[in-house]
Amino acid sequence: MGEIFQEADSEKGEVIRKGKEILFQGFNWESHKNVWWKNLEKKMTDLAESGFTSVWLPPATQSFSSEGYLPQNLYSLDSSYGSQHLLEVLLQKMSQYKIRAIADIVINHRVGTTKGHGGVYNRYDGIPLSWDEHAVTSCSGGLGNNSTGAVFNGVPNIDHTQPFVREDIIKWLRWLRGSIGFQDFRFDFAKGYAAKFVKEYVEESKPVFSVGEYWDDCAYSPSDSRLEYDQDSHRQRIINWIDNTGGLCTAFDFTTKGILQEAVKGELWRLRDSENKPPGVMGWWPSRAVTFIENHDTGSTQAHWPFPSGHLMEGYAYILTHPGIPTIFYDHFYDCGDSMHDQIVKLIKIRKSQDIHSRSNVRILEAQPNLYAAIIEEKLCMKIGEGSWCPDGGEWKLATSGHNYAVWHK
């Protein structure tokens, strides 16, 4: 990922270069109902001891929605999650524990302060970044150019083709990095604007690590609405987006999530593609695939595309033993009881002790309806599913196991 790491210190840079990141999504859809920055600060010791390298925080800017995804004044960091002071206290605590803070960058759309062209709130008078209607795409009520991506309906969409807009966004991103203390970026609704702009923003603001939310629909059978086996076109679109960022930004592996949550319901044959590789983005470009099984949109109280609740540990056993950059969801780690928390920590520690990383090699041994088994880097072996299975050879030792999963190492 090249120059975006040039400002990382040696220890953090080493983690990145070797692809050993383990991310934590530090919120859900209801987190704004609490003084969230204080809650997370109390959990930093546990998160550090558990092995996480970065924590993704919810949008910290002032927003028309309590969740933070309808921003207005980007320079105001007093939000429903807490004050700017409490945020800075949290970021300082994270720095002490050598955990990087991921800022949720919502720059596809922005709520205006004043009615302008067409009687729409598409001007930003009276606040920093006081843009006029030319900063808003023509397809969302502004006087700018057409959107370079999908339209986020109901609010003004930012026209990233305007040089003054990009210049202001870059200054803001640099401010988040240099003055506030964020180190990593997560780009929200990345389908909404061309990936070449993400490339420019990353090049100019130099986050240590960045990831984009390019959430596209998987392919489903028109006859019975079942997920199709071949999702190559889906993962190719995500890979095209990554490629168009110059490879500087990773992407959430929605392909793996979509396949995995169907596979664990007795269709584990889905976890081997036609070339005997993992079927998600991790099978084609693992160093840029950020794997996950749930987030604040797919799960939580929104539950737009939920992972089956009875199979969560099978999902984590898969992504924490495989290549890619795994992400753990707050609800699973802290709201599902001590047992799940401890099982996830055990898997993280095994991943670290066996030096499994984002580019690790996978050799798939079984992909049957009720059994999936694979060897990773020839030193870790795992299985998920109801089927009974264990690796051949006396050199393998059971490292951990739980409901429908087991992991061995030599």
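Values reported hereafter were calculated over all heavy atoms of this structure, with side chains retained and with hydrogens, waters and symmetry mates removed.
- Between Ile375 and Cys381, the closest heavy-atom pair is CG1-SG, 3.8 Å.
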>> Go through it in stages, so that I can follow the logic: the residues are Asp159 and Thr137, the test is side-chain hydrogen bond (donor to acceptor under 3.5 Å, both in side chains), and I'd like the CA-CA distance, side-chain angles, deciding distance and then a yes or no.
In response: CA-CA 5 Å; Asp159 181 8; Thr137 61; over 6 Å; no
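- Taken from CG in Asp273 to OG1 in Thr255, the straight-line distance is 11.5 Å, to the nearest 0.5 Å.
- Rounded to the nearest 0.5 Å, atoms OH (Tyr316) and CG (Leu347) are 11.0 Å apart.
- Rounding to the nearest 0.5 angstrom, the gap separating the CG atom in Asn73 from the CD1 atom in Ile127 is 4.5 Å.
- Formation of a donor-acceptor pair under 3.5 Å by the Gln72 side chain with backbone atoms of Gly112 is found in this model.
- Proximity of Cys336 to His341: side-chain heavy atoms (C-beta onward) are nowhere separated by under 4.5 Å.
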>> Evaluate His160 against Tyr201 for side-chain contact (heavy atoms from CB on, under 4.5 Å), listing each step before the verdict.
In response: CA-CA 11 Å; His160 294 265; Tyr201 297 147; 2.7 Å; yes
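- The nearest pair of heavy atoms linking Ser50 to Val345 is OG-CG2, 3.5 Å.
- Atom OH of Tyr334 and atom CZ of Phe329 lie 13.5 Å apart (nearest 0.5 Å).
- Residues satisfying the side-chain contact (heavy atoms from CB on, under 4.5 Å) test with Ser388, not counting sequence neighbours, are none.
- Between Pro128 and Asp168 there is no side-chain heavy-atom pair separated by less than 4.5 Å.
- Using a 4.5 Å heavy-atom threshold, the side chains of Val264 and Tyr318 count as separate.
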> Is there a side-chain contact (heavy atoms from CB on, under 4.5 Å) between Leu271 and Ile364 once you walk through the steps?
Replying inline: CA-CA 9 Å; Leu271 295 180; Ile364 299 173; over 6 Å; no
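- Using a 4.5 Å cut-off on side-chain heavy atoms (C-beta onward), His332 and Met340 make contact.
- For the pair Ser65 (side chain) and Tyr69 (backbone), a donor-acceptor distance under 3.5 Å is present.
- Heavy atoms only, all atoms of each residue included: Pro207 and Arg177 are closest at CA-NE, 3.4 Å.
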> How far apart are the C-alpha atoms of Leu23 and Ile328, what are their side-chain angles, what is the distance that settles it, and do they pass the side-chain contact (heavy atoms from CB on, under 4.5 Å) test?
Replying inline: CA-CA 6 Å; Leu23 312 185; Ile328 312 302; over 6 Å; no
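- Here the closest heavy-atom approach between residue Tyr214 and residue Arg237 is recorded as CE2-O, 4.1 Å.
- Among all heavy-atom pairs drawn from Val136 and Gly141, the shortest one is CG1-C, 4.3 Å.
- The ring-ring contact (aromatic ring centres under 6.0 Å, His included) check on His32 picks up nothing, with sequence neighbours excluded.
- Looking at Glu213 and Phe254, their side chains come closer than 4.5 Å, going by heavy atoms from C-beta outward.
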Distance-only criterion, 3.5 Å: show the donor-acceptor pairs between side-chain atoms of residues 403-410 and protein atoms not counting sequence neighbours.
unit_1 : atom_1 : unit_2 : atom_2 : d
Tyr405 : OH     : Gln343 : OE1    : 2.7
Lys410 : NZ     : Glu378 : O      : 3.2

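- Under the 4.0 Å criterion applied to side-chain N and carboxylate O atoms, Arg186 and Asp188 are assigned as salt-bridge partners.
- With hydrogens and angles ignored, the 3.5 Å screen pairs no side-chain donor or acceptor of Thr298 with any backbone N or O of Ala303.
- Using cut-offs of 30° and 60° for the angle between ring planes, the His296 and Trp56 rings count as perpendicular.
- Using a 4.5 Å cut-off on side-chain heavy atoms (C-beta onward), Thr321 and Ile356 make no contact.
- Remark: side-chain polar atoms of His109 are not paired, donor with acceptor, to backbone N or O of Phe152 under 3.5 angstrom.
- Of the listed residues (Trp36, Phe52, Phe27), just one forms a ring-ring contact (aromatic ring centres under 6.0 Å, His included) with Tyr330, and that residue is Trp36.
- Taking the charged nitrogens against the carboxylate oxygens, Glu200 and Lys196 have no contact shorter than 4.0 Å, which rules out a salt bridge.
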>> Between Ser147 and Asn157, is the side-chain hydrogen bond (donor to acceptor under 3.5 Å, both in side chains) condition met? List the steps.
In response: CA-CA 8 Å; Ser147 175; Asn157 285 215; 5.1 Å; no
> side-chain contact (heavy atoms from CB on, under 4.5 Å) between Val202 and Phe185: does it pass, once the steps are laid out?
Replying inline: CA-CA 9 Å; Val202 169; Phe185 291 153; 5.8 Å; no
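- Identified under the salt bridge (charged side-chain N to carboxylate O under 4.0 Å, His left out) test for residues 250-264, with sequence neighbours left out: Lys257-Glu294, Glu262-Lys265.
- Contact check for Lys352 versus Asp355: no side-chain heavy atoms found under the 4.5 Å cut-off.
- Considering all non-hydrogen atoms of both residues, Asp297 and Trp215 come closest at CB-CZ3, 3.7 Å.
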Solution key, residues 239-246 side-chain donor-acceptor pairs under 3.5 Å, sequence neighbours excluded:
unit_1 : atom_1 : unit_2 : atom_2 : d
Asn240 : OD1    : Gln236 : NE2    : 2.8
Asn240 : ND2    : Gln236 : O      : 3.4
Asn244 : ND2    : Asn240 : O      : 3.2
Thr245 : OG1    : Ile242 : O      : 2.6
Thr245 : OG1    : Gly247 : N      : 3.4
Thr245 : OG1    : Leu248 : N      : 3.4
Thr245 : OG1    : Cys249 : N      : 3.3

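- With Lys346 contributing its side chain and Ala399 its backbone, the two residues share a donor-acceptor pair below 3.5 Å.
- Proximity of a side-chain donor or acceptor of Gln231 to a complementary backbone N or O of Cys218 within less than 3.5 Å is not detected.
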>> Assess the residue pair Asn28 and Asp331 against the criterion (side-chain hydrogen bond (donor to acceptor under 3.5 Å, both in side chains)); give the C-alpha distance rounded to whole Å, side-chain angles, the decisive distance to 0.1 Å, and a yes or no.
In response: CA-CA 7 Å; Asn28 59 36; Asp331 292 17; 2.8 Å; yes
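- The shortest side-chain heavy-atom distance between Gln84 and Ile180 falls under the 4.5 Å cut-off.
- Distance alone, capped at 3.5 Å, places no donor-acceptor pair between the Arg235 side chain and the Thr256 backbone.
- Note on residues 77-100: pairs passing ring pair (Phe, Tyr, Trp, His ring centres under 6.0 Å), not counting sequence neighbours, are Trp37-Tyr81.
- Distance alone, capped at 3.5 Å, is enough to place a donor-acceptor pair between the Lys206 side chain and the Glu203 backbone.
- Aromatic ring centres of Trp29 and His304 lie farther apart than the 6.0 Å criterion allows.
- Ring to ring, Tyr372 and His322 are close: their centroids are under 6.0 angstrom apart.
- Not one N or O on the side chain of Lys191 forms a donor-acceptor pair closer than 3.5 Å with the backbone of Asp216.
- Panel note: side chain Arg351, backbone Leu320; a donor-acceptor pair is recorded below 3.5 Å.
- Here the CE-CG distance, from Met94 to Leu47, works out to 8.0 Å after rounding to the nearest 0.5 Å.
- Between the CD1 atom of Ile259 and the CD atom of Glu267 there is a distance of 11.5 Å, given to the nearest 0.5 Å.
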